[in-house]
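A short write-up of the structure that comes next.
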Amino acid sequence: MASLCMSLMLQCGLAPATEFRVLVVMSYEDDNPWVNEIREGIDHVLRRSAEVTYFYMNTKVNREGGPRRAAEAFALFESLQPDGVITADDDAQSMFVVPYLLGRTAVPVIFNGVNTSADRYGFPNAHVSGVLERAHVRESLAFIKQIVPAVRSACFMTADVPPGMALRQQVESEKATYALTIGGFHLVRNHGQIDALRKTLNAHCDVLFVDSLEGIADRDGKPQTNHEALRILRQAYDRPILGGNRYQVEQGAWAAVVKTGQEQGELSATMLLQAMQGKPVSALPVTQNSRGQRIINVTALERHGIVPRPTVLRGATLVRQQP
């Protein structure tokens with residue numbers, strides 16, 4: 001009878017009432033481009049079956065306030081009594097899941113955007129599993145070699161935060177398979193450190209792979225957006241820059257084989273939906289992103305007089321740089 005009622009509702013163009021309540025806790029601020037991508041993926045999977053509430057911890061710009069925001073997220077969890085939880089990024093795991101939910105509830109929790117190893121947080125277990133986030137470093141370095149064949153060496157820069165440290169571990173474990181020689185890996189906290197690296201970067205790095213610089217401080221100590229920080233970096237380093245995400249290419253990196261937040265959101269939401277429908281979380285193994293998308297910033301290439309071979313452009317997405 002229930003399936004007949006559902007069929008009739010769909011035939012009449014009526015959407016059924018949402019079946020589940022889901023709480024999504026994200027480390028980021030609500031207007032972060034990566035957040036928008038993850039949210040698109042989650043909403044694509046859950047929009048017909050769940051009422052989704054989003055909570056933003058804002059730790060990328062105010063990490064010190066993270067524990068307070070995590071306590072507020074838990075208060076919201078207790079108020080909503082959700083059927084499932086999705087948590088995005090490492091700070092959401094260390095500050096929210098581990099102290100408040102891990103082993104303390106039977107509610108399924110699915111993480112995404114985790115850069116470190118899952119076992120660092122005690123995942124997976126009977127009610128927690130999820131999706132790891134890994135940069136397509138090898139593919140990006142091979143891609144920039146196709147665009148600018150003269151490059152020989154690559155360095156790395158990211159904010160001095162846990163995801164940046166996790167990327168450094170990934171590079172250390174993979175670098176023997178990279179197309180370029182790997183130089184320094186620089187974790188930075190402020191603009192002054194970028195300025196101090198100017199000579200080193202330009203002398204020893206043919207290309208610079210940049211992960212998120214969100215939250216590094218300007219000269220007045222104010223946390224910067226990735227867009228603002230990347231603008232400062234481009235003033236110090238005028239050679240090829242690679243990014244890990246599409247928004248970084250749109251903001252000034254030359255190219256990338258990007259991971260997508262949509263994939264993170266879709267994978268984690270699909271796992272959560274399966275769990276809420278009765279599949280044991282223990283039967284949902286931890287996975288990671290696999291799809292890569294080639295992106296080229298044509299504004300940057302034009303500025304430097306670079307015209308890639310047509311075969312390099314085939315299948316790539318071309319974007320114009322944001323002001």
Side-chain angles (χ1 to χ4, degrees), residues 23-40 42 52-80 85-102 109 111-116 120-121 130 133 135 157-168 186-196 210-233 243-248 250-252 259 261 264-265 268 322:
L23 173 63
V24 179
V25 177
M26 297 179 141
S27 298
Y28 314 85
E29 63 278 11
D30 62 356
D31 60 351
N32 182 286
W34 181 244
V35 160
N36 294 335
E37 292 185 16
I38 294 176
R39 198 163 48 206
E40 286 176 12
I42 292 172
V52 182
T53 300
Y54 287 91
F55 182 91
Y56 306 96
M57 292 173 58
N58 302 326
T59 60
K60 297 302 180 183
V61 295
N62 181 18
R63 199 157 194 275
E64 292 74 17
R68 174 182 57 81
R69 293 291 287 167
E72 294 172 3
F74 182 61
L76 181 60
F77 170 85
E78 291 189 307
S79 173
L80 288 176
V85 176
I86 294 175
T87 51
D89 190 68
D90 288 78
D91 287 347
Q93 318 314 319
S94 63
M95 297 182 186
F96 173 59
V97 177
V98 172
Y100 292 104
L101 302 184
L102 186 62
V109 178
F111 63 80
N112 67 47
V114 166
N115 300 96
T116 58
R120 174 177 179 175
Y121 306 112
E133 176 191 335
M157 179 180 290
T158 184
D160 189 3
V161 293
M165 299 173 193
L167 178 62
R168 182 170 62 182
H186 306 285
L187 298 168
V188 297
R189 293 179 179 271
N190 53 57
H191 286 183
Q193 291 177 327
I194 293 178
D195 289 339
V210 179
D211 205 358
S212 178
L213 296 174
E214 188 93 10
I216 72 168
D218 67 7
R219 291 172 180 81
D220 297 319
K222 177 184 175 183
Q224 299 291 280
T225 66
N226 186 79
H227 198 175
E228 293 167 333
L230 195 54
R231 186 181 299 119
I232 295 297
L233 175 60
N245 301 299
R246 175 173 177 143
Y247 72 87
Q248 292 164 340
E250 292 174 336
Q251 292 174 358
K259 57 188 184 293
Q264 292 286 321
S268 57
Q322 299 174 2

Side chain [X], main chain [Y], donor-acceptor under 3.5 Å:
| X | Y | answer |
| --- | --- | --- |
| Asp218 | Asp220 | yes |
| Asn245 | Tyr247 | no |
| Thr158 | Ser212 | yes |
| Asn226 | Leu213 | yes |
| Ser27 | Ala88 | yes |

Apply side chain to side chain contact (heavy atoms under 4.5 Å, CB included) to residues Val25 and Met57 and explain how you reach the verdict. CA-CA 7 Å; Val25 177; Met57 292 173 58; 3.7 Å; yes

Heavy atoms of other groups near Arg189 CZ, more than 12 under 6.0 Å: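 No, not enclosed.
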
Is the shortest side-chain N to carboxylate O distance from Asp91 to Arg69 below 4.0 Å? no

Between Asp90 and Arg120, does any NZ, NE, NH1 or NH2 come within less than 4.0 Å of an OD or OE carboxylate oxygen?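 Asp90 and Arg120: not salt-bridged.
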
Report the relative orientation of the aromatic rings in Phe74 and Phe77; use parallel for angles under 30°, tilted for 30 to 60°, perpendicular for over 60°. parallel

Can you tell if the side chain of [X] reaches within under 4.5 Å of the side chain of [Y], non-hydrogen atoms only?
| X | Y | answer |
| --- | --- | --- |
| Phe111 | Ser268 | no |
| Gln251 | Pro33 | yes |
| Asp195 | Arg219 | yes |

What closest approach, in Å, do [X] and [Y] show between heavy atoms, and which atom pair accounts for it?
| X | Y | answer |
| --- | --- | --- |
| Leu187 | Gln193 | O-OE1, 4.3 Å |
| Gln93 | Asn112 | NE2-O, 4.2 Å |
| Glu64 | Pro67 | O-CD, 3.5 Å |
| Ala229 | Ile216 | CB-CD1, 3.8 Å |
| Thr59 | Met95 | CG2-SD, 4.0 Å |
| Glu214 | Ala159 | O-CB, 4.2 Å |

Please report the interatomic distance CD1(Ile42) to CD1(Ile86), rounded to the nearest 0.5 Å.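 Going from the CD1 atom of Ile42 to the CD1 atom of Ile86 covers 4.0 Å.
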
Let's go through Met165 and Asn115 carefully: what are the C-alpha distance in whole Å and the side-chain angles of both, what is the deciding distance for side chain to side chain contact (heavy atoms under 4.5 Å, CB included) to 0.1 Å, and is it a yes or a no? CA-CA 9 Å; Met165 299 173 193; Asn115 300 96; over 6 Å; no

Given Asp89, Asp31, Asp30, the one that forms salt bridge (Lys or Arg N to Asp or Glu O under 4.0 Å) with Lys60: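 Exactly one candidate clears the test, Asp89.
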
Not counting sequence neighbours, which residues clear ring pair (Phe, Tyr, Trp, His ring centres under 6.0 Å) with Tyr54? List them please. none

Test applied, side chain to side chain contact (heavy atoms under 4.5 Å, CB included); reference residue, Phe96; option that passes from Val109, Thr87, Leu102: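 Between Phe96 and the candidates, side chain to side chain contact (heavy atoms under 4.5 Å, CB included) is satisfied uniquely by Thr87.
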
